[in-house]
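Just so it is clear, the model here is predicted, and its values are computed rather than measured. So that the names make sense, note that chain A is the first sequence line, chain B the second, and so on, each numbered from 1.
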Amino acid sequence: MFYAVAPEGEKGGTLRALARDGSPAGEVEHVDDLVAAVAERERGSAPRWVWASTARLYPRLLRAGVTVGRCHDLELTEALLLAFEGRPGESRSVGAALARLRGLPPPEEEPAEVEGEQQLLFGGEVAPPVEALVEVHAAQLARMEGRLRLLAAAESAGGLIAAEMSHEGLPWRADAHDELLTGLLGPRPAHGLRPRLLQELADRISAAFGHPVNPDSPQQLVKAFAGAGFSVPSTRAYVLKGISHPAVPAVLEYKELSRLHTAHGWNWLDAWAKGGRFRPEYVVGGVVSGRWATRGGGALQIPKVLRRAVVADPGHVLVVADAAQLEPRVLAALAGDAAFTEAAAQGDLYAALAEVFTGTPGGPSARDKAKIAMLSAMYGGGTGEAVQLLSVLKQRFPAAFEYVESAARAGERGELVRSLLGRTCPPASAEYRDLITTEAGRHAAASRGRFTRNFVVQATAAEWALAFMALLRPRLPAGAHLVFFQHDEVIVHTPQAEAEAVTRALHTAAAEAARLLFGDTPVAFPMEAATVSCYADAK
DNA sequence: TGAAGCCTATTA
DNA sequence: AACTTAATAGGCTTCA
């Protein structure tokens, strides 16, 4: 059922079979080649592997060509449990968890990753022994009831998927990227210089002001506009669009191109798109809501214009799929609001909601208003027109409205809120309760209310996405791989002949994820899937 | 000179 | 009309 596995030394390690309740079901086995031992048992009984950290152990297995089906990631699970218990600041490491079990003081800070991955992976001193894994694992099982167990399983599956996606990489054509940059910015400049077209824009900006202005400095820009009689509170694009000074068009264009150059220019290309693949490092559960973060490469902020560089290998295609209007659908399923659930059973949720709103001629349509109202309800907005739209929402969909309202009020009172499966928001700070009696405190309370209001929806949506990917993974045909994930969107790189099978798997997994989380809810979770050679050609 | 924080842009 | 949720990241500015 379970196999605990701890690396030891350069290549070796220890294993121990565990029963369903986590108790030892065999002796400790020492092996000289841990990767080979894992591969052999995976081919045999395909156990659920219990290890300290997928992120540290699994890449080594993947490099050796070994994949596993299921695991229990002790660190990811410990983080979930600590958050659930209202103490997210404590260390998630196996050593710290063991110390807490035994009532001992926390161990010394773990050594930094000085020797790189290798040291952390199989360095016997760093990795906790298998006995520690077994003890912490059994205790974690005892701390979790049904929903948390499902969450831990989903999070652990996420860890496997994240490592596999980094290993596989997103197909990235450096030549297409370079061509795009050269077309927009001019040829690649020498180190430290502006590309030609950026420099020309900078010169035009200085000329328009009649004196040198560095467009990279908001301070200088604000001063320059003030000197020309335009007092602006900031240099944000939407602010500048509202004033009529001859420098504005060049400033806006400069901002756009400069962003591309500094964030995703040639330096990025050199650093991140080696060997025709972009390999971001995904951080599972890196966001408190359970969304993933990435380290380096800004993988979740890739500008849409660069999708042109994401091209399938010869004989392959990309199946690009996103869950349409995921968050409002999640709210519908969570709240069980009868009228709202009925709308969420439709393919276009906002269009279905539009029936209760009235469009403004020349202004937002009824569908636009439905969307604004929904987003305001989930984000805690409510300025201007949204106030009226929210009251319509409250009147027609009282249960859905009450669901997010009560999460907001709980947050304002300083309480914890949880997702469907039990992912838990961080507690309010120690000073929070005293603070909320003051004027600044009311601001803090409103802010925390907006956070918890959004948390319950965003965190449950992240759970749906995690379940979706975990269910999709074993259904993918041979040769097809998940290569990108961005909150509610996935890309599968697959041999062309398997594209239809991949698309079927996507739809099946979406339906299964909905059933796993919400039972037989009538809410639909449609996937919009496109089969393309280039990411830019999807929708 | 380096750290910390501000400003701004990008994504869902 | 204007900025409400969650993030990452680079350049600039301020400060020790």
Original post:
Under 6.0 Å between the ring centres of A/Phe518 and A/Phe525?
Top reply: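 Yes, ring centres under 6.0 Å apart.
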Original post:
What dot-bracket string describes DNA chain C from 5' to 3', counting Watson-Crick and G-U wobble pairs whose defining distances are under 3.5 Å, with [ ] for crossing pairs and | for pairs to another strand?
Top reply: ....||||||||||||
Subject >> First encountered from the 5' end of DNA chain C, between A/Gly298 and A/Leu375 >> reply: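 With A/Leu375 and A/Gly298 compared, the 5'-side residue is A/Leu375.
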Subject >> Earlier contact from the 5' end, DNA chain C, for A/Gly296 and A/Ser447 >> reply: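 The 5'-side residue here is A/Ser447.
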Would you mind classifying the nucleic acid contact of [X] as base, sugar-phosphate or nothing, using non-hydrogen atoms under 4.0 angstrom?
{"X": "A/Leu326", "value": "nothing"}
{"X": "A/Gln458", "value": "base"}
{"X": "A/Asn214", "value": "sugar-phosphate"}
{"X": "A/Arg291", "value": "base"}
{"X": "A/Arg453", "value": "nothing"}
{"X": "A/Gly297", "value": "sugar-phosphate"}
{"X": "A/Phe455", "value": "nothing"}

Subject >> Parallel, tilted or perpendicular: rings of A/Phe209 and A/His211 (30°, 60°) >> reply: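 Correct class here is tilted.
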**OP:** Report the relative orientation of the aromatic rings in A/Trp268 and A/Trp172; use parallel for angles under 30°, tilted for 30 to 60°, perpendicular for over 60°.
**Re:**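 Rings of A/Trp268 and A/Trp172: tilted, as their planes differ by 30° to 60°.
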**OP:** Examine distances only and state if a side-chain atom of A/His177 and a backbone atom of A/His264 form a donor-acceptor pair shorter than 3.5 Å.
**Re:**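 Yes, because the side chain of A/His177 sits within donor-acceptor range (under 3.5 Å) of the backbone of A/His264.
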**OP:** Using chain A heavy atoms and a threshold of under 4.0 Å, write down where along DNA chain B the contacts begin and end, 5' to 3'.
**Re:**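 The contacted stretch runs from B/dC7 to B/dA12.
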Test: [X] and [Y] ion pair at under 4.0 Å:
{"X": "A/Glu200", "Y": "A/Arg196", "value": "yes"}
{"X": "A/Arg291", "Y": "A/Glu327", "value": "yes"}
{"X": "A/Glu412", "Y": "A/Arg453", "value": "no"}
{"X": "A/Lys394", "Y": "A/Glu405", "value": "no"}
{"X": "A/Asp488", "Y": "A/Arg329", "value": "no"}

I need the minimum non-hydrogen distance between [X] and [Y], along with the two atoms involved.
{"X": "A/Glu168", "Y": "A/Leu482", "value": "CB-O, 4.5 Å"}
{"X": "A/Arg279", "Y": "A/Lys274", "value": "NH1-O, 4.2 Å"}
{"X": "A/Ala250", "Y": "A/Ile205", "value": "CB-CG1, 3.7 Å"}
{"X": "A/Gly158", "Y": "A/Val284", "value": "O-CG2, 3.6 Å"}
{"X": "A/Ser533", "Y": "A/Leu318", "value": "O-CD1, 3.8 Å"}

**OP:** Verify whether one side chain among A/Asp322 and A/Gln486 offers a donor that lies under 3.5 Å from an acceptor in the other.
**Re:**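 The criterion, which ignores hydrogens and geometry beyond distance, is not satisfied for A/Gln486 and A/Asp322.
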**OP:** Tell me, please, which residues at least two apart from A/Gln301 pass side chain to side chain contact (heavy atoms under 4.5 Å, CB included).
**Re:**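 A/Gln301: side chain to side chain contact (heavy atoms under 4.5 Å, CB included) contacts with A/Arg259.
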Subject >> Start and end of the DNA chain C segment that chain A contacts, any atom under 4.0 Å from a heavy atom >> reply: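 So the contact region on DNA chain C extends C/dC3 to C/dT14.
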Original post:
Can you list, by residue number, the residues of residues 215-245 of chain A that have a non-hydrogen atom closer than 4.0 angstrom to DNA chain B?
Top reply: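 Close to the strand are A/Pro218, A/Ser234, A/Thr235, A/Arg236, A/Ala237.
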Subject >> Of residues 258-274 of chain A, the positions that come close to DNA chain C - non-hydrogen atoms, cut-off under 4.0 Å >> reply: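 Heavy-atom cutoff 4.0 Å gives A/Thr262.
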